[in-house]
Colleague: 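Sharing a structure with you now.
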Amino acid sequence: MMDFKSVQEKWQKAWSDAKLFEVEPNDRKGMMVFAAFPYVNSPPHMGHLRTFCTPDVYARYLRMRGMNVLFPLGFHATGTPVIGYAKRIANNDPDLIESLHTFHVSDEDIKKMTDPHYIAEYFIRQQELELRKVGNGIDWRRKFISIEPLYSKMVEWQFMKLKEKGYLVKGTHPVGWCPNENNAVGQHDTMHDVWPDIEEITAIKFKDRDSDAYFICATYRPETIYGVTNLFVNDGIEYVVAEMGGAQYYVSKDAAFRLSYLADAKVTGKITAAELLKKTAINPLTKEELPILPGYFVKADKGTGVVMSVPSHAPFDYVALERLKASGYNIPKMEYKKLIELKFPDAKKGMGSMLKPDEFSGQTGEIVHREVPALAYLEFLKMNPNSDDKSVEVATKLIYREEARYGVMLVGAYQGKSEAEARDGLKADMVKSGDAMLMYELANTEPVICRCGTKAIVAIVKDQWFINYGDKQWKKQVYSMLSKMKLYPEKYRHTFEMLIDWIDLRAMERAQGLGTRFPFNPEHIIESLSDSTIYMLFYTFDHILRANNVQPEQLKPCFFDYVVDSKGDVASVSKETGIEERVITKCRESLDYWYQSTSSHSAPDLIPNHYVMYMFNHVAVLPERFWPKQLVINGFVSMEGEKMSKSLGNILPAGDAVDKYGADQIRFIEVAGAELDSDGEFSTNALSGVNSRIDYLLSQVIDANRAEGGNELRSVDFWMYSRLNSKIKRATAAMDGLMFKGAYDEVFYSSVAELKRYREIGGKNGLVVTDYLSAVVRMLSPVMPHLSEEFWHLLGNSTLVATEQWPVADEGMVNPGLEECFDIVDSTAEDMNRTLELTGKMEVNKGRKVKSIKVILAEQWKADAFNMLVEGKEIGDIIASMQGKADKERVAKYLQGFRNRKEATQRVLASQQSLFNVFSESRDYLKRRFGCELEIENEQDSQSARSGRAQPSRPSIEVAWS
RNA sequence: GCAGGGGUGGCGGAGCCAGGUCAAACGCGCAAGGCUUAGGACCUUGUUCCUUAGGGAUGCGAGAGUUCGAAUCUCUCCCCCUGCACCA
């Protein structure tokens, strides 16, 4: 067992001393490989590691293929998380402090973490340290953080470019809001980290017949406006008169408060439910007069506190009216108009087919009143007007779902159209005509509570800047760029196409958080995903700026225009910025060298947000040669079958894992343990498998170093070379396609297996083993860089394997026929096993031992004839061409066995002669394995009655018992 | 709801795009044997069912189709996972 720790440290120092990863442009082809920069509120853990190790493995591979590869890393600290984090520290949040302890943060450091900048600083240090520990070859000179002034200058320039192009627009949009703190609330601002789920509702205005005021009702189903019979108010709740946009509205007091954040509602007076009940409202579309009735189910804190009643399609409305009737309330005569008909596409479906078993488990009933759908659904679910609210809710959801899916309008402007179409159409029409307005509510089933303890609501933020990702022309360009990009795995291409289509306005300024001030509203900062869409290009020259002490204020737009966009001339840029021409030119050359070929790496969670914005922004602000060329998306990693999460307490910081399991072992399992697109799993089980093979390779390396190379090469040696070269070929192809698991199944697992087999069947040539190992070790080095250096040196080399060339397959050494011979030896041995097992059970052989086994190899003409059959030749022609080589009748008889040709699909490559040689060399091995004598003979020389059975790829065997 | 991805043996996971070499790579687990003072490690063999000479049957979510031939192609159905925005 090796001391992994000292091996790791030794080689990390050697790489660092050789400045292997501090790369600059040279005459080789340049490429930049990078991972999405991490957020700075934790050390990297096993889950993150895959995203950092994958590009490192890839970069190391490409370097060995002769490229000049840069792997940089920066850090992301923009936005509110570290601020929230610092607040939680200040409040001594026990959960947070506990998790910091698991990351080995000292109490002293925790105290300092009330400063968000210290948090960032601390974790940047930590991340760098741990990523070095796993052996990642990162050029740390280029490290930067997204909140530093130099970087901000580039973001400012980027947003000026976006504005110039007309991609920034002003508008409004709804956000979750805390009325106490007067701030937007996102997930991390709420108790239990729930997402404020905002939904849009149509609020329809019904004029009061006898005044200028309006009733206003929030509804999910504006298309049912044609069936409104009355309005409901609840005499248990408080009502007010509120002014919005110059008009007066009757709403609940709670609704007025919420509407003040949505539409500047102002309370101008009070009014009681009793007063409202005396009024009459007018349906804005049908102009019918509608009575106001008491509705027991109307809630103050939902909608407006006034509900439009559509008893024909809304079970609650139907139930409420029935109950009123039953109580003797004087209700005017009203018509329950059926508005929507269900049209099912096939006979198998019908009313109730969308009922979910977890909602309703009882018996369904007979439907009688189909002319009143709300009643029909109640009947179907065996409910009645006295059912409890929960049951009525089930009926409501079901009718809503089924009518939305299968409903067709029977009345109104959208008659004959689908319900969904009518809903959207009427909403738009009524908003346009002023008969309705849009309002927003939190759709979460549980109330969303801000961390301050206040119930969150929805507010509309006005005069907000957006990036208009909905721009058709822009989308078109991105789409065409995508079609030229390489995606690994390719299966995400369609997802990207959909996303490009889907993405629309994105709010990009925020009142809170760390980041770059927005040039067109310096009160605000740029939203944290929007400021990190072209950051990678900063890697190409930020170390040059720093080395030359360039100050933020010197990074004027003309600098970026020149360096990135080739606008202007270096002399005037230098004059304007005060930066030396030499420095500016160097920046520009560096960008030009590194940024034309890039590979971006991340986990799939960035696809719908960062990656889409990454593409759009590159297209918008950069010249085409700097557009993204390649995206690599790796799966997640779980621990011992469980997803890594704080709540499960199974987060293992990368540094701890390295100390415990070894850097190369972790790299191997993370990167080569699962194919790129599938999720991986870290388990001690997988680890021990890796370790035992490392041990074996080590023993072989040591052995090879001591072994004497014999001159004579036998079949088994040629077999080894053939395997090696075909392996190199396959592994190289797999690496080129970023199929790391496939590549390392070849390089690691199958190499170990082949070495074992080589030894087992009598291979003993030290030179062959050394050649083999030297290629395997080189191929292993991207994923196991430390151990490979160690092996490389044990094999007698003095260079760093990291700087060596990836082996090139010698096609001439690949001998499929020979490999087939060895496979035939194997399958023949299996046949022998089976045969011995079956014949051993025979009465005659009871109590006897196997004396010898005879292997009879098929005559060469059989293989020749078989191959002709595979090629599709006619049997007659084959027989004719065999004239003189074999007996005509035997050929005919042999070929008759393949009459339907089903079995003749694959050529036989092994010749009788080579097969004979291989069997002869394998004789000792087979004898040892079966513990008996073994004879090998050719069919033409054999006296055995079983010789005729011999097939080209299946020798006949004969067992003799003593 | 909309969109995307996926269903292979006790498990993980190849193969399916370019149908035959597939009872199905590789790995894990499990069983028997070897080695060992014992355990671990390691090695061998086996791991759907049937079968007294290397054979046969069933089989890749369910069903149907195309084909001489389907895990692989077509259609229908069922089930699972992921994302849905102003959050990093």
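In what follows, chains are A, B, ... by sequence order, proteins preceding strands, each numbered from 1.
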Colleague: Quickly work out the Leu606(A) CG to A85(B) P distance and round it to whole Å.
Modeller: 16 Å
Colleague: Could you label the plane-to-plane angle of the Tyr220(A) and Tyr400(A) rings as parallel, tilted or perpendicular, counting under 30° as parallel and over 60° as perpendicular?
Modeller: perpendicular
Colleague: So, is Ser688(A) near the phosphate of A41(B), with a side-chain N or O under 4.0 Å from OP1 or OP2?
Modeller: no
Colleague: I want to verify a distance call: between A88(B), C84(B), C42(B), whose nearest atom is closest to the Ser692(A) side chain?
Modeller: C42(B)
Colleague: Out of A88(B), G29(B), G54(B), which nucleotide sits closest to the side chain of Arg954(A)?
Modeller: G54(B)
Colleague: Looking across every strand, which nucleic acid part, if any, lies under 4.0 Å from Thr78(A) by heavy atom: base, sugar-phosphate, or nothing?
Modeller: sugar-phosphate
Colleague: For G13(B) and A25(B), measure between their C1' atoms and round to the nearest Å.
Modeller: 10 Å
Colleague: What distance, rounded to whole Å, do you find between the two P atoms, one in C75(B) and one in G10(B)?
Modeller: 30 Å
Colleague: Can you tell me, in whole Å, how much space there is between the C1' of C17(B) and that of C28(B)?
Modeller: 29 Å
Colleague: Is Ser528(A) close enough to A88(B) that one of its side-chain N or O atoms is under 4.0 Å from OP1 or OP2 there?
Modeller: yes
Colleague: Could you state the atom-to-atom distance from CE of Met613(A) to P of C87(B) in whole Å?
Modeller: 12 Å
Colleague: To the nearest Å, give me how far apart CE (Met498(A)) and C1' (C2(B)) are.
Modeller: 9 Å
Colleague: Could you let me know what C73(B) is paired to, Watson-Crick or G-U wobble, both distances under 3.5 Å, or none if it's on its own?
Modeller: G65(B)
Colleague: Just do the side-chain contact (heavy atoms from CB on, under 4.5 Å) check on Phe919(A) and Thr828(A) with the steps written out, would you?
Modeller: CA-CA 10 Å; Phe919(A) 265 102; Thr828(A) 305; 3.6 Å; yes
Colleague: CG of Leu487(A) to CG of Leu482(A): how many Å apart, nearest 0.5 Å?
Modeller: 5.5 Å
Colleague: What is the pairing partner of U52(B), taking Watson-Crick or G-U wobble pairs with both distances under 3.5 Å in any strand?
Modeller: none
Colleague: Taking any heavy-atom pair under 4.0 Å as a contact, classify Leu505(A): base, sugar-phosphate, or nothing.
Modeller: base
Colleague: Just checking Val175(A): base, sugar-phosphate only, or nothing, at a heavy-atom cut-off of under 4.0 Å?
Modeller: nothing
Colleague: Could you state the CG-C1' distance from Leu499(A) to A3(B), rounded to the nearest angstrom?
Modeller: 9 Å
Colleague: Can a side chain N or O of Arg928(A) be found less than 4.0 Å away from OP1 or OP2 on U44(B)?
Modeller: no
Colleague: Rounding to the closest angstrom, what is the interatomic distance between G9(B) and A71(B) at atom P?
Modeller: 14 Å
Colleague: Rounded to the nearest angstrom, tell me the gap between atom CE in Met739(A) and atom P in C26(B).
Modeller: 19 Å
Colleague: For the side chain of Arg506(A), counting heavy atoms from C-beta on, which of A53(B), A85(B), G4(B) is nearest?
Modeller: A85(B)
Colleague: Regarding Thr495(A), tell me which of base, sugar-phosphate or nothing describes its non-hydrogen contacts under 4.0 Å with the strands shown.
Modeller: sugar-phosphate
Colleague: Apply the ring-ring contact (aromatic ring centres under 6.0 Å, His included) test between Phe37(A) and each candidate in Tyr614(A), Phe52(A), Tyr535(A); give the one that qualifies.
Modeller: Tyr535(A)
Colleague: Mind checking Arg946(A) for me? I need base, sugar-phosphate or nothing, with any heavy atom below 4.0 Å counting as a touch.
Modeller: base
Colleague: Is the ring pair Phe518(A)/Trp465(A) parallel, tilted or perpendicular, if the boundaries are 30 and 60 degrees?
Modeller: perpendicular
Colleague: Could you grab the distance from atom CE of Met508(A) to atom CG of Leu529(A), nearest 0.5 Å is fine?
Modeller: 12.0 Å
Colleague: Please check: side-chain N/O of Arg693(A) versus main-chain N/O of Gly689(A), any donor-acceptor pairing under 3.5 Å?
Modeller: yes
Colleague: Provide, to the nearest angstrom, the distance between the CD1 atom belonging to Ile669(A) and the C1' atom belonging to C28(B).
Modeller: 13 Å
Colleague: Below 4.5 Å, heavy atoms only, C-beta onward: do Asn867(A) and Val908(A) meet side chain to side chain?
Modeller: yes
Colleague: Considering Watson-Crick and G-U wobble pairs with both distances under 3.5 Å, what does U21(B) pair with?
Modeller: none
Colleague: Check every strand shown and say whether Glu830(A) touches a base, only sugar-phosphate, or nothing at a heavy-atom separation below 4.0 Å.
Modeller: nothing
Colleague: Given A88(B), G54(B), A53(B), identify the nucleotide with an atom nearest to the side chain of Leu529(A).
Modeller: A88(B)
Colleague: Considering only U45(B), A88(B), A85(B), which nucleotide approaches the side chain of Arg929(A) most closely?
Modeller: U45(B)
Colleague: Closer to the 5' end of RNA chain B via nearest nucleotide, is it Asn833(A) or Ala507(A)?
Modeller: Asn833(A)
Colleague: Lys491(A) side chain N/O closer than 4.0 Å to the phosphate oxygens (OP1, OP2) of G4(B)?
Modeller: no
Colleague: Give me the distance, rounded to whole Å, that separates G34(B) from G20(B) when you measure between the P atoms they each carry.
Modeller: 43 Å
Colleague: Say we look at G65(B) and U21(B): how far apart would their C1' atoms be, to the nearest angstrom?
Modeller: 26 Å
Colleague: Across the strands shown, which category fits Ser956(A) at heavy-atom distances under 4.0 angstrom: base, sugar-phosphate, nothing?
Modeller: base
Colleague: Any idea which of A88(B), U51(B), A53(B) is nearest the Thr839(A) side chain?
Modeller: A53(B)
Colleague: Is there a Watson-Crick or G-U wobble partner for C42(B) with both distances under 3.5 Å, and which nucleotide is it?
Modeller: G34(B)
Colleague: To the side chain of Tyr749(A), which of C84(B), G27(B), G55(B) is closest?
Modeller: G27(B)
Colleague: Categorize His610(A) for me: base, sugar-phosphate, or nothing, with a 4.0 angstrom heavy-atom threshold over every strand shown.
Modeller: nothing
Colleague: Using atom C1' of each nucleotide, how far apart are A64(B) and C78(B) to the nearest Å?
Modeller: 15 Å
Colleague: Can you check whether any acceptor in the base of G27(B) is under 3.5 Å from a donor in the side chain of Arg693(A), or vice versa?
Modeller: no
Colleague: Within this structure, what is the NZ-OH distance for the pair Lys741(A) and Tyr749(A), rounded to the nearest 0.5 Å?
Modeller: 7.5 Å
Colleague: Applying a 4.0 Å non-hydrogen cut-off, can you work out what Asn41(A) is touching in the nucleic acid: base, sugar-phosphate, or nothing?
Modeller: nothing
Colleague: Atom CD1 of Ile633(A) to atom P of U82(B): distance rounded to whole Å?
Modeller: 18 Å
Colleague: Given atom NZ of Lys727(A) and atom C1' of A25(B), what is their separation to the nearest angstrom?
Modeller: 14 Å
Colleague: I'd like to know if the side chain of Glu820(A) and the backbone of Ala910(A) have a donor-acceptor N/O pair within less than 3.5 Å.
Modeller: yes
Colleague: Any strand is fair game: report the nucleotide pairing with G1(B) by Watson-Crick or G-U wobble, both distances under 3.5 Å, or none.
Modeller: C84(B)
Colleague: Could you pick out which residue, Lys756(A) or Asp679(A), lies toward the 5' side of RNA chain B when each is mapped onto its nearest nucleotide?
Modeller: Asp679(A)
Colleague: Would you say the side chain of Asn609(A) and the base of A88(B) hold a donor-acceptor pair, judged only by whether the two atoms sit under 3.5 Å apart?
Modeller: yes
Colleague: Roughly how far apart, to the nearest Å, are A23(B) and U58(B) at atom C1'?
Modeller: 10 Å
Colleague: Across the strands shown, which category fits Pro38(A) at heavy-atom distances under 4.0 angstrom: base, sugar-phosphate, nothing?
Modeller: nothing
Colleague: Hunt down the Watson-Crick or G-U wobble partner of G9(B), both distances under 3.5 Å, from any strand shown, or write none.
Modeller: none
